[in-house]
Amino acid sequence: MTDDLINAKLYDRIYAVVRQIPAGAVATYGQVAAIVGPGCTARQVGYAMSALKPSEDGVPWQRVINAKGEISPREGYGPEVQRAMLEHEGVTFDESGHVDFAQVGWEGPPWQWLEENQFYPAPLLSNRKKKNSDGEQLSLF
DNA sequence: CAGATGACTCCCA
DNA sequence: CTGGGAGCCATCT
(Lines give C-alpha, C1' and ligand atoms only; values in the text may rest on other atoms or scores of the structure.)
Protein backbone atom coordinates (compact mmCIF):
# COMPACT_ATOMS: atom_id res chain seq x y z
CA MET A 1 0.00 0.00 0.00
CA THR A 2 2.65 2.44 1.04
CA ASP A 3 4.91 2.04 -1.95
CA ASP A 4 2.00 1.86 -4.30
CA LEU A 5 0.95 5.31 -3.27
CA ILE A 6 4.06 6.81 -4.72
CA ASN A 7 3.01 5.87 -8.22
CA ALA A 8 -0.66 5.75 -7.49
CA LYS A 9 -3.22 7.69 -9.42
CA LEU A 10 -4.45 10.94 -8.03
CA TYR A 11 -7.68 9.51 -6.75
CA ASP A 12 -5.89 6.79 -4.88
CA ARG A 13 -3.69 9.33 -3.21
CA ILE A 14 -6.76 11.31 -2.28
CA TYR A 15 -8.39 8.24 -0.79
CA ALA A 16 -5.22 7.50 1.13
CA VAL A 17 -5.29 10.93 2.72
CA VAL A 18 -8.98 10.72 3.52
CA ARG A 19 -8.35 7.41 5.24
CA GLN A 20 -6.08 9.22 7.67
CA ILE A 21 -8.91 11.34 9.02
CA PRO A 22 -9.79 9.91 12.42
CA ALA A 23 -13.34 9.36 13.58
CA GLY A 24 -14.77 12.42 15.22
CA ALA A 25 -12.82 14.79 13.02
CA VAL A 26 -13.60 16.44 9.71
CA ALA A 27 -11.53 17.95 6.92
CA THR A 28 -12.42 20.17 4.01
CA TYR A 29 -12.02 19.29 0.35
CA GLY A 30 -9.47 22.06 0.02
CA GLN A 31 -7.51 20.80 2.98
CA VAL A 32 -7.29 17.32 1.57
CA ALA A 33 -6.26 18.76 -1.78
CA ALA A 34 -3.49 20.73 -0.14
CA ILE A 35 -2.14 17.63 1.53
CA VAL A 36 -2.27 15.53 -1.61
CA GLY A 37 -0.18 18.23 -3.23
CA PRO A 38 0.28 19.89 -6.61
CA GLY A 39 -2.12 18.74 -9.28
CA CYS A 40 -4.91 18.25 -6.83
CA THR A 41 -7.58 20.84 -6.18
CA ALA A 42 -10.66 20.85 -4.04
CA ARG A 43 -12.67 20.05 -7.11
CA GLN A 44 -10.67 16.91 -7.75
CA VAL A 45 -11.29 15.82 -4.21
CA GLY A 46 -14.99 16.36 -4.58
CA TYR A 47 -14.98 14.49 -7.82
CA ALA A 48 -12.96 11.70 -6.30
CA MET A 49 -15.54 11.33 -3.57
CA SER A 50 -18.26 11.25 -6.18
CA ALA A 51 -16.42 8.57 -8.07
CA LEU A 52 -15.87 6.54 -4.94
CA LYS A 53 -16.90 2.98 -5.57
CA PRO A 54 -18.20 0.49 -3.03
CA SER A 55 -15.07 -1.52 -3.73
CA GLU A 56 -12.99 1.20 -2.12
CA ASP A 57 -14.19 0.42 1.35
CA GLY A 58 -12.74 2.08 4.35
CA VAL A 59 -12.65 5.56 2.91
CA PRO A 60 -14.39 7.75 5.47
CA TRP A 61 -15.83 10.07 2.86
CA GLN A 62 -18.34 11.39 5.34
CA ARG A 63 -15.55 13.21 7.15
CA VAL A 64 -14.85 15.41 4.16
CA ILE A 65 -17.04 18.48 4.01
CA ASN A 66 -16.93 21.85 2.28
CA ALA A 67 -15.10 24.95 3.41
CA LYS A 68 -18.21 26.44 4.94
CA GLY A 69 -18.32 23.67 7.47
CA GLU A 70 -21.45 22.25 5.93
CA ILE A 71 -22.22 19.00 4.21
CA SER A 72 -22.15 19.46 0.47
CA PRO A 73 -25.26 18.73 -1.50
CA ARG A 74 -24.93 15.75 -3.74
CA GLU A 75 -26.79 14.08 -6.54
CA GLY A 76 -27.23 10.78 -4.79
CA TYR A 77 -28.94 10.27 -1.51
CA GLY A 78 -29.37 13.22 0.78
CA PRO A 79 -26.83 14.66 3.17
CA GLU A 80 -28.88 13.46 6.12
CA VAL A 81 -27.11 10.13 5.89
CA GLN A 82 -23.70 11.76 6.03
CA ARG A 83 -24.72 13.96 8.92
CA ALA A 84 -26.06 11.01 10.84
CA MET A 85 -22.81 9.14 10.34
CA LEU A 86 -20.80 12.07 11.63
CA GLU A 87 -23.04 12.63 14.61
CA HIS A 88 -22.63 8.98 15.42
CA GLU A 89 -18.89 9.60 15.53
CA GLY A 90 -19.36 12.48 17.89
CA VAL A 91 -19.35 15.42 15.49
CA THR A 92 -21.85 18.06 16.48
CA PHE A 93 -23.71 20.51 14.27
CA ASP A 94 -25.12 23.86 15.22
CA GLU A 95 -28.61 25.04 14.36
CA SER A 96 -27.68 26.09 10.85
CA GLY A 97 -25.98 22.80 10.15
CA HIS A 98 -22.41 23.98 10.54
CA VAL A 99 -19.66 22.12 12.33
CA ASP A 100 -17.16 23.88 14.56
CA PHE A 101 -13.77 23.49 12.95
CA ALA A 102 -12.07 24.65 16.11
CA GLN A 103 -13.60 21.65 17.81
CA VAL A 104 -13.62 18.89 15.21
CA GLY A 105 -11.24 20.22 12.55
CA TRP A 106 -8.55 17.78 11.47
CA GLU A 107 -4.96 18.76 12.11
CA GLY A 108 -3.67 16.79 9.17
CA PRO A 109 -1.64 13.59 9.06
CA PRO A 110 1.60 13.24 11.05
CA TRP A 111 4.65 14.48 9.19
CA GLN A 112 6.10 11.00 9.39
CA TRP A 113 3.18 9.54 7.51
CA LEU A 114 3.60 12.21 4.87
CA GLU A 115 7.25 11.39 4.43
CA GLU A 116 6.74 7.66 4.32
CA ASN A 117 4.15 8.03 1.61
CA GLN A 118 5.94 10.83 -0.17
CA PHE A 119 3.32 13.48 0.10
CA TYR A 120 4.48 17.02 -0.31
CA PRO A 121 1.79 19.26 1.08
CA ALA A 122 1.57 22.51 -0.79
CA PRO A 123 0.53 25.83 0.68
CA LEU A 124 -3.14 26.45 0.19
CA LEU A 125 -3.41 27.53 -3.38
CA SER A 126 -6.66 29.28 -2.79
CA ASN A 127 -5.41 32.76 -3.44
CA ARG A 128 -3.47 31.92 -6.51
CA LYS A 129 -6.04 33.07 -8.98
CA LYS A 130 -6.50 36.70 -8.17
CA LYS A 131 -5.10 39.10 -5.74
CA ASN A 132 -2.48 38.53 -3.16
CA SER A 133 -0.42 35.40 -3.10
CA ASP A 134 0.40 35.36 0.55
CA GLY A 135 -0.59 31.70 0.38
CA GLU A 136 -1.59 31.02 3.91
CA GLN A 137 0.12 27.95 5.22
CA LEU A 138 -1.62 24.84 6.29
CA SER A 139 -0.73 24.00 9.84
CA LEU A 140 0.48 20.46 9.73
CA PHE A 141 2.63 20.43 12.78
C1' DC B 1 -8.70 14.67 -29.89
C1' DA B 2 -12.41 18.46 -28.33
C1' DG B 3 -15.88 19.50 -25.28
C1' DA B 4 -18.63 18.62 -20.93
C1' DT B 5 -18.80 17.76 -16.15
C1' DG B 6 -18.47 18.08 -11.18
C1' DA B 7 -19.81 15.81 -3.11
C1' DC B 8 -15.23 22.97 -4.53
C1' DT B 9 -13.67 27.67 -3.31
C1' DC B 10 -12.79 32.28 -3.49
C1' DC B 11 -14.14 37.10 -4.38
C1' DC B 12 -17.27 40.67 -5.05
C1' DA B 13 -21.82 42.89 -5.34
C1' DC C 1 -26.63 36.85 5.12
C1' DT C 2 -27.23 35.29 -0.26
C1' DG C 3 -26.08 34.66 -5.00
C1' DG C 4 -23.38 34.84 -9.19
C1' DG C 5 -19.12 34.21 -11.83
C1' DA C 6 -14.54 32.57 -12.77
C1' DG C 7 -10.93 29.34 -12.04
C1' DC C 8 -9.89 24.68 -11.33
C1' DC C 9 -8.17 19.77 -13.71
C1' DA C 10 -8.75 14.53 -13.87
C1' DT C 11 -12.16 11.82 -16.22
C1' DC C 12 -15.67 10.81 -19.12
C1' DT C 13 -18.36 11.11 -23.42
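All chains are named by letter (A, B, ...) in the order of the sequence lines, taking the proteins before the strands, and each is independently numbered beginning at 1.
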Write down the distance between CG (A:Leu10) and C1' (C:dA10), rounded to a whole number of angstrom.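 After rounding, the gap between these two atoms is 7 Å.
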
Using the closest heavy atom to pick a nucleotide of DNA chain C for each, name whichever of A:His98 or A:Arg43 lands nearer the 5' end.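 The residue closer to the strand's 5' end, by nearest nucleotide, is A:His98.
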
Consider only side-chain N and O atoms of A:Gln20 and A:Trp113, and report whether a donor and an acceptor are under 3.5 Å apart.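 A:Trp113 and A:Gln20 do have a side-chain donor-acceptor pair below 3.5 Å.
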
Do A:Met49 and A:Tyr29 touch side chain to side chain, with heavy atoms closer than 4.5 Å?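 Yes, close enough: below the 4.5 Å cut-off.
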
Would you say NE2 of A:His88 has more than 12 non-hydrogen atoms from neighbouring residues, nucleotides or ligands within 6.0 angstrom?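 Atom NE2 in A:His88 is not crowded, with 12 or fewer foreign heavy atoms closer than 6.0 Å.
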
Does the base of B:dA7 carry an N or O that pairs as donor and acceptor with the side chain of A:Tyr29 under 3.5 Å?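 Under the 3.5 Å cut-off, the side chain and the base do form a donor-acceptor pair.
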
Atom CD of A:Glu70 to atom P of B:dA7: distance rounded to whole Å?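 Those two atoms, CD and P, are 16 Å apart.
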
For A:Lys68 and C:dC1, what is the distance between atoms NZ and C1' respectively, to the nearest whole Å?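 Between C1' of C:dC1 and NZ of A:Lys68: 13 Å.
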
Nearest-Å distance for atom pair CG/C1', residues A:Leu52 and C:dA10: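 The distance from CG of A:Leu52 to C1' of C:dA10 comes to 16 Å, rounded to the nearest Å.
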
Could you check whether A:Pro79 gets within reach of a base, just the sugar-phosphate, or nothing at all, counting any heavy atom under 4.0 Å?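 Answer is nothing: A:Pro79 stays at 4.0 Å or more from every strand.
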
Rounded to the Å, how far apart are A:Ile71 CD1 and B:dA7 P?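 Distance, rounded to whole Å: 15 Å.
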
If I take atom CE in residue A:Met49 and atom P in nucleotide B:dT5, what distance separates them, rounded to the nearest angstrom?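 Result: 22 Å.
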
Spacing of A:Arg74 atom CZ relative to B:dA7 atom C1', expressed in whole Å: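 Interatomic distance, CZ of A:Arg74 to C1' of B:dA7: 5 Å.
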
So, is A:Thr41 close to the B:dC8 phosphate, meaning a side-chain N or O under 4.0 Å from OP1 or OP2?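 Checking A:Thr41 against B:dC8: no side-chain N or O falls below 4.0 Å of OP1 or OP2.
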
Are side-chain heavy atoms of A:Ser50 and A:Arg74 found at a separation under 4.5 Å?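 Result no, sub-4.5 Å side-chain heavy-atom pair not found.
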
Please report the distance, rounded to the nearest Å, between CD1 in A:Ile14 and P in C:dA10.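 From A:Ile14 CD1 to C:dA10 P: 10 Å.
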
So if I take every side-chain heavy atom of A:Ala67 and compare against C:dT11, B:dC10, B:dA7, which nucleotide ends up nearest?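 Looking only at heavy atoms from C-beta outward on A:Ala67, the closest nucleotide is B:dC10.
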
